[in-house]
Amino acid sequence: TQLLEQSPQFLSIQEGENLTVYCNSSSVFSSLQWYRQEPGEGPVLLVTVVTGGEVKKLKRLTFQFGDARKDSSLHITAAQPGDTGLYLCAEARRGGATNKLIFGTGTLLAVQP
Amino acid sequence: EPEVTQTPSHQVTQMGQEVILRCVPISNHLYFYWYRQILGQKVEFLVSFYNNEISEKSEIFDDQFSVERPDGSNFTLKIRSTKLEDSAMYFCASRGGRYNEQFFGPGTRLTVL
């Protein structure tokens, strides 16, 4: 069974710092989604990466997909308190006519003002 | 921007009672999902639904669970006889968009006493 490992599990930083979180798998991803979840709310889709080596930017967030499509990273520049949340990577795993999402273990980010 | 909605936001029930959780997926999506997240744990897949039938279900989705799309807009999850361990956040998702991404609702917090 393919597992998605995320690191670090917890990260507490000061406003204005940069950070990188990682998502790794033992197998090749078909595609990978990054979500952000706030307490008591549903995951909110940030980005989908599909092609090995792909880089996508969303304002201060930069997402990279590894060349071998077995890992991905999320880099946040000049973090702000509003970036606080649980960052989840997820892979769509095909089964039947639909693709269920398999989620990673998550990185809990706290940005202190 | 279209979004997935869920009702109620919080449901408290007694063990052994039936509950129905409701979702309105994004209107032009065809694939629907239920996930759950026990407090402090990963988001886990329960069931996927397409063309008015279950496409895939997890081991968690036993005979106590059922899903239905009673009309053109609602998608429901029924738990026939709730157990204490069913207490969790339940998320509905629907799939569509350029990369067939899944979009999540805000969730229903189910508390079984």
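A, B, ... follow the sequence lines: proteins, then strands. Residue 1 opens every chain. The structure presented is a predicted model; accordingly, all values stated were derived computationally and were not measured.
Neither the backbone nor the side chain of A:Glu38 has a heavy atom closer than 4.5 Å to any heavy atom of chain B. Proximity to chain B involves both the backbone and the side chain of A:Thr48, based on heavy atoms less than 4.5 angstrom apart. With a threshold of 4.5 angstrom between heavy atoms, A:Val50 approaches chain B through side-chain atoms but not through N, CA, C or O.
The two residues B:Phe104 and A:Pro43 make their nearest non-hydrogen contact at CB-O, 3.4 Å.
Summarising the geometry, atom CD belonging to B:Glu101 is positioned 11.0 Å from atom CG belonging to A:Leu46; distances are rounded to the nearest 0.5 Å. Note: A:Asn99 CG to B:Gln102 CD = 7.5 Å, rounded to the nearest 0.5 Å. To the nearest 0.5 Å, atom OG of residue B:Ser55 and atom NZ of residue A:Lys100 are 10.5 Å apart.
Proximity of a side-chain donor or acceptor of B:Tyr35 to a complementary backbone N or O of A:Leu101 within less than 3.5 Å is detected.
Atom CD of B:Glu59 has 12 or fewer heavy atoms from other residues, nucleotides or ligands within 6.0 Å. By the neighbour-count criterion of 12 heavy atoms within 6.0 Å, atom CD of A:Glu15 is densely surrounded, having more than that number from other residues, nucleotides or ligands. For NZ of B:Lys83, the number of neighbouring non-hydrogen atoms (other residues, nucleotides, ligands) closer than 6.0 Å is greater than 12. Within 6.0 Å of CG on B:Leu113 lie more than 12 heavy atoms contributed by other residues, nucleotides or ligands. Within 6.0 Å of CG in B:Asp63 there are 12 or fewer heavy atoms belonging to other residues, nucleotides or ligands. More than 12 heavy atoms of other residues, nucleotides or ligands sit less than 6.0 Å from atom CZ of B:Arg69.
Contact of the A:Gln37 side chain with the B:Gln37 side chain is registered, since non-hydrogen atoms from C-beta on lie closer than 4.5 Å. A 4.5 Å side-chain heavy-atom check between A:Leu45 and B:Phe103 finds at least one atom pair inside the cut-off.
Each of A:Gly42, A:Gly40, A:Ala92 has some count of heavy-atom pairs under 4.5 Å with chain B, and the biggest count is that of A:Gly42.
Using a 4.5 Å cut-off between side-chain heavy atoms of Ile, Leu, Val, Met, Phe, Trp and Tyr, with links allowed through other members, A:Trp34 and A:Phe29 fall into the same hydrophobic cluster. Under a hydrophobic-cluster definition in which Ile, Leu, Val, Met, Phe, Trp and Tyr are linked whenever side-chain heavy atoms come within less than 4.5 Å, directly or via other members, B:Tyr90 and B:Leu39 are assigned to different clusters.
Ring centroid separation for the pair B:Phe45 and A:Phe103 does not come in under the 6.0 Å cut-off.
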